[in-house]
Amino acid sequence: MSPPGGEPQRVTRFAPSPTGELHLGNARTALFNLLLARSAGGRFLLRIEDTDAERSLDSHTTALMADLRWLGIDWDAGPDREDERGPYRQSQRGALYARQFAVLERQEVVYPCFCTPLELELSRRAQLAAGKPPRYAGTCRDLTPAGRAHRQAQGSAATLRFRVPRGERVRFEDFVHGPQSFLSDDIGDFVVRRADGSAAFFFSNAVDDACMGVTQALRGEDHLTNTPRQLLILAALGLAPPAYGHVALIVGADGAPLSKRHAAVSVREYRARGYQPLALANHLFRLGHSTPLHGLLGLEEMARAFDTAHLGRAPARFDEQQLLVWQKDAVHSLSPQAARAWLAPLLPAGLDAHATDAFIDALLPNVVLPEDARPWVDIVFGGPPPLGAAGEQLVREAGAGYFAAAAAAAAASGNDLPAIAGAVREATGRKGAALYMPLRVALTGREHGPELAPLLRAMPAGKARERLARFA
RNA sequence: GCUCCCUUCGUCUAGAGGCCCAGGACAUAGCCCUCUCAAGGCUGUAACACGGGUUCGAAUCCCGUAGGGAGCGCCA
């Protein structure tokens, strides 16, 4: 696994739980971990944390993987690409967890807890009301063997709790935040195995990272204060923990946690709205991470430029305006084939390749999202567009002679703008805006839009003449 | 409530005691180019949350205040 003489190969992972759509924050975490691995020629794993059978859905896993790949994020090993460190679905790792639970039980660093959810909730509320931290009260911590046997005989289902040592300090080096130190007294005994026998997050997440050889776990800051628990578990198990790093969360424009109130929060939605994957990736890449590089970057360039030293510790605001800028860049740099695929759903059925290309050629520099192109489909391929009041005025002012010359030139040349404009200039002596604006308005119904010459080339033959002749 | 994290232009950020009366990118404003829009070129506006220290010197170190966030779950 390790390159000869070098450091052990870097291994990172993205470990989502399939309880919903891929959230922007998670997408960024996935991207950062991919980049972190790739920047060192390492491996990137996808692990599905579906220990909560109630909320985990297989369809979510499928969608999650599709959205990641859409973004350009692919993994070296995962649920659909198993290897000897797998399985990569936690729901299939029960046997492995059972062995580790047994180790913990043997060392008596865990104990069965018979408290019911209701009792725990009451206790929490009472503590909160008394102005105390809502931690597990330790009711079952010192149950005698006889007491335990008694409860078990009664058939009470028990969770397994980790016996957090008192009066200790848990220290670790966060590779984003630097040295961290927590007092174990502030940590309540926590559940490592649920009453139904399934592994709880703190446990399975930490154990899997260790067993899968993860060297760096880069995750959201919401996990920062949980890290000591995981370190405690791993230490008890004698497993080497990964290095942990925590990036600040993404927040909305007002600085509050990013929610549907602010913007679309799932990759799905941006995808559905016609955003380019590279645009989203570039935006996420610079959210909480900085690079001296400018412009739209490919994934390989991002990997080369990725640097944990430049991960932010302060929350980054998700600014949709900025995303739009990247989107514009991404759209403008689309290959002809990609552009065709992007706008295909909007185009009239049966449009031939030549016409399609001409249309896209004309429109692409002026659109950011597919919806921007939609009205132009009608303008170019539909009937004569109605003019607004200002348009009518411009046309009237230009006069019938102007349009007679234009229509004649259009009939003679096809949809050739230089020929049409030349003829009108000759006939009227107009130039500049006075020459072109009436043409634009008569042809498109609008005063603004893509360049006229390519737009005319995209128009079906005869359309230009027909529209100009209306005012002759 | 307790613990932890955070705070530099509108936004993303550079900045590890003098190189900073704070640099870049995007946004924005003006001008140029131009048939409109977009693109492009040039020029500009714009920030160290606040208060105390330490130091010859602080955006940078320390303490406090304010504001934001997270965790304290049989969610992850």
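The sequence lines fix the lettering, A, B, ..., with proteins before strands; numbering per chain opens at 1.
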If I take atom [atom1] in residue [X] and atom [atom2] in nucleotide [N], what distance separates them, rounded to the nearest angstrom?
X        : N     : atom1 : atom2 : result
A:Phe32  : B:C12 : CZ    : C1'   : 11 Å
A:Tyr436 : B:A38 : OH    : P     : 19 Å
A:His23  : B:C75 : NE2   : C1'   : 15 Å
A:Leu311 : B:C6  : CG    : P     : 13 Å
A:Arg440 : B:A38 : CZ    : C1'   : 11 Å

- What string of B, S and - do you get for nucleotides 43-49 of chain B, 5' to 3', if B is base contact, S is sugar-phosphate-only contact and - is no contact with any protein heavy atom under 4.0 Å? -------
- Along nucleotides 22-32 of chain B, 5' to 3', which nucleotides get a B, which get an S, and which get a -, given that the test is a protein heavy-atom distance under 4.0 Å? --SSBS-----
Partner of [N] by Watson-Crick or G-U wobble geometry, both contacts under 3.5 Å, or none?
N     : answer
B:A25 : B:U11
B:U65 : B:A49
B:C31 : B:G41
B:G71 : B:C2

- If every non-hydrogen atom of A:Asp357 is compared with every non-hydrogen atom of A:Arg340, which pair is closest and at what distance?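 Nearest heavy atoms, A:Asp357 then A:Arg340: OD1-NE, 2.8 Å.
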- Item | For A:Ala157 against A:Ala195, the heavy-atom pair lying closest together | CB-CB, 4.0 Å
- Query: Between A:Arg124 and A:Glu121, is there a salt bridge with N-O shorter than 4.0 Å?
  - Reply: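 Yes, A:Glu121 and A:Arg124 are salt-bridged.
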Qualifying residues under side-chain hydrogen bond (donor to acceptor under 3.5 Å, both in side chains), relative to [X], sequence neighbours excluded:
X        : answer
A:Asp189 : A:Tyr111, A:Arg141
A:Trp75  : A:Asp80
A:Glu49  : A:Arg47, A:Gln90, A:Asn205
A:Thr227 : A:Arg219, A:His246

- What's the closest nucleotide to the A:Glu451 side chain, out of B:C35, B:A76, B:U3? B:C35
- So, is A:Thr51 near the phosphate of B:C75, with a side-chain N or O under 4.0 Å from OP1 or OP2? no
- Please list, by residue number, the residues of residues 363-378 of chain A whose heavy atoms come closer than 4.0 Å to an atom of RNA chain B; answer none if no residue qualifies. A:Pro365, A:Asn366
Applying a 4.0 Å non-hydrogen cut-off, can you work out what [X] is touching in the nucleic acid: base, sugar-phosphate, or nothing?
X        : result
A:Gln127 : nothing
A:Arg317 : sugar-phosphate
A:Thr19  : nothing

Near-ring test [Y]/[X], centroid separation under 6.0 angstrom:
X        : Y        : answer
A:Phe202 : A:Phe162 : no
A:His177 : A:Tyr244 : no
A:Tyr136 : A:Phe190 : no

- Query: Does any N or O donor sit under 3.5 Å from an N or O acceptor when you compare the side chain of A:Arg313 with the base of B:C5?
  - Reply: no
- Using the C1' atom as the reference point in each nucleotide, state the distance between B:C48 and B:C72 in Å, no decimals.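 Looking at atom C1' only, B:C48 and B:C72 are 34 Å apart.
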- Item | Contact list for residues 301-315 of chain A, test salt bridge (charged side-chain N to carboxylate O under 4.0 Å, His left out), sequence neighbours left out |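 The answer is none; no pair qualifies.
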- Pairs satisfying salt bridge (charged side-chain N to carboxylate O under 4.0 Å, His left out), at least one member in residues 433-452 of chain A, at least two apart: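 Qualifying pairs: none.
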- Message: Can you confirm whether the side chains of A:Gln127 and A:Ser123 place a donor and an acceptor under 3.5 Å from each other?
- Response: yes
Taking only nitrogen or oxygen atoms into account, show me every contact under 3.5 Å that the protein makes with nucleotides 65-74 of chain B, one pair per line with its distance.
{"from": "B:A70", "atom 1": "O2'", "to": "A:Asp222", "atom 2": "O", "distance (Å)": "3.4"}
{"from": "B:G71", "atom 1": "O4'", "to": "A:Thr225", "atom 2": "OG1", "distance (Å)": "3.0"}
{"from": "B:G71", "atom 1": "O3'", "to": "A:Asn226", "atom 2": "OD1", "distance (Å)": "3.4"}
{"from": "B:G71", "atom 1": "O2'", "to": "A:Thr225", "atom 2": "OG1", "distance (Å)": "3.2"}
{"from": "B:G71", "atom 1": "O2'", "to": "A:Asn226", "atom 2": "OD1", "distance (Å)": "3.2"}
{"from": "B:G73", "atom 1": "OP1", "to": "A:Pro134", "atom 2": "O", "distance (Å)": "2.4"}
{"from": "B:C74", "atom 1": "OP2", "to": "A:Arg161", "atom 2": "NH2", "distance (Å)": "3.4"}
{"from": "B:C74", "atom 1": "O2", "to": "A:Ala195", "atom 2": "N", "distance (Å)": "3.1"}
{"from": "B:C74", "atom 1": "N4", "to": "A:Cys115", "atom 2": "O", "distance (Å)": "3.2"}

- Name all pairs fulfilling the side chain to side chain donor-acceptor pair (under 3.5 Å) condition that reach into residues 53-65 of chain A, sequence neighbours left out, sorted by first residue then second. A:Asp52-A:Arg55
- So which pairs with a foot in residues 414-435 of chain A pass side chain to side chain donor-acceptor pair (under 3.5 Å), sequence neighbours left out? none
- Message: Assuming nearest nucleotide by heavy-atom distance, tell me which of A:Asp52 and A:Leu417 is located more 5' along RNA chain B.
- Response: A:Leu417
